[in-house]
Amino acid sequence: CDISMPVIDGYSVYKELNKNPDTAVIPFIFLTAKAEMNDLKFGLQLGADDYLCKPYSSNELINSIEQRIRKKENLINYYTNGKDVNDESPLNQQQVLDKESRILLIVNGRPQNFRIGGIVYIESMEKYSTIFTADGQKSVVKRMMKEWDKILPCSIFMRIHRRTIINLDFAKKFEKWSNYSYRVYLDKVDEPFIVSRRNSKRLRMN
């Protein structure tokens with residue numbers, strides 16, 4: 001974005017974008033013919049990602065854009081995946097959470113905190129999953145079901161079939177559905193869920 005423009009300058013554009021959470025996360029680069037240090041400082045103090053002074057080459061602009069994209073992708077991958085599978089450092093070890101734990105995930109490009117005990121159920125979308133919370137929120141995150149299985153406390157969370165994990169604290173009623181399966185009714189959810197035959201065995205054992 002240019003700094004000097006008619007009607008509204010680039011600083012004002014940046015401030016307006018920052019008022020909306022959906023646009024505040026967009027990488028922002030100031031372009032200007034002004035090379036004064038005060039302008040540079042002011043743009044960066046506002047929170048811009050970079051600042052290019054005219055004249056600049058196309059390679060300089062492309063390089064700046066690519067750096068901003070990589071930085072954002074790395075941030076999203078960090079908060080979404082948590083760690084590299086080959087990284088065994090204590091900081092990156094997967095831990096089983098409890099109901100009062102909070103997990104930071106990326107939703108629509110923005111980091112968002114979820115309280116584990118507030119998750120009513122999770123549905124699989126292949127490499128993604130949809131989280132349904134007690135406050136009626138529905139959020140899509142890049143996390144597979146096998147990853148949830150590793151961190152959710154099995155004392156309150158149960159995989160009822162391949163695509164769904166439920167929070168047993170929200171279970172109102174289990175009822176026999178067929179000779180080999182059950183239906184479960186969850187608080188705050190209108191329709192019951194069918195428990196697969198395989199997971200129904202766990203219910204009978206318990």
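Positions are given from 1 along the sequence. All figures in this text were calculated on a predicted structure; none of them were measured in a lab.
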*What is the ring orientation for F30 with Y11, classed by angle as parallel under 30°, tilted 30 to 60°, or perpendicular over 60°?*
perpendicular
*Does any non-hydrogen side-chain atom of F114 lie less than 4.5 Å from one of V107?*
yes
*Nearest heavy-atom pair of M5 and G10: which atoms, and what distance?*
CE-N, 3.8 Å
*Between D149 and I165, is a side chain to side chain contact (heavy atoms under 4.5 Å, CB included) present by the stated rule, with each step listed?*
CA-CA 9 Å; D149 283 334; I165 296 173; 3.5 Å; yes
*Would you say R183's side chain and E175's backbone share a donor-acceptor pair under 3.5 angstrom?*
no
*Minimum heavy-atom distance between N167 and L186, given as atom pair plus value*: O-CD2, 4.2 Å
*Show your reasoning for whether side chain to side chain donor-acceptor pair (under 3.5 Å) applies to N59 and S57.*
CA-CA 5 Å; N59 285 338; S57 68; 5.2 Å; no
_Tell me whether T23 contacts the main-chain N or O of L17 through its side chain, where contact means a donor paired with an acceptor under 3.5 Å._
yes
*Quick one: does S129's side chain have a donor or acceptor within less than 3.5 Å of a partner on R143's backbone?*
yes
*Salt-bridge present (E147, K150; N to O < 4.0 Å)*: no
_For I122 versus M145, what's the shortest heavy-atom pair and its separation?_
O-CE, 3.7 Å
*asked:* Can you confirm if the NZ or CZ of K172 lies within 45° of the ring axis of Y185 and under 6.0 Å from the centre of its six-membered ring?
replied: no
*Which pair of heavy atoms, one from F170 and one from I119, lies closest together, and at what distance?*
CE1-O, 3.8 Å
*Any side-chain heavy atom of E123 sitting closer than 4.5 Å to one from T164?*
yes
*For the residue pair P153 and I116, what are the closest heavy atoms and their distance?*
CD-CG2, 4.1 Å
_Given 3.5 Å as the limit, does a donor-acceptor pair link the side chain of T32 with the main chain of D2, or not?_
no
*So do the side chains of V13 and F28 get within less than 4.5 Å of each other, counting heavy atoms only?*
yes
*Heavy-atom pair with the smallest gap, counting every atom of I29 and R68*: CD1-CG, 4.1 Å
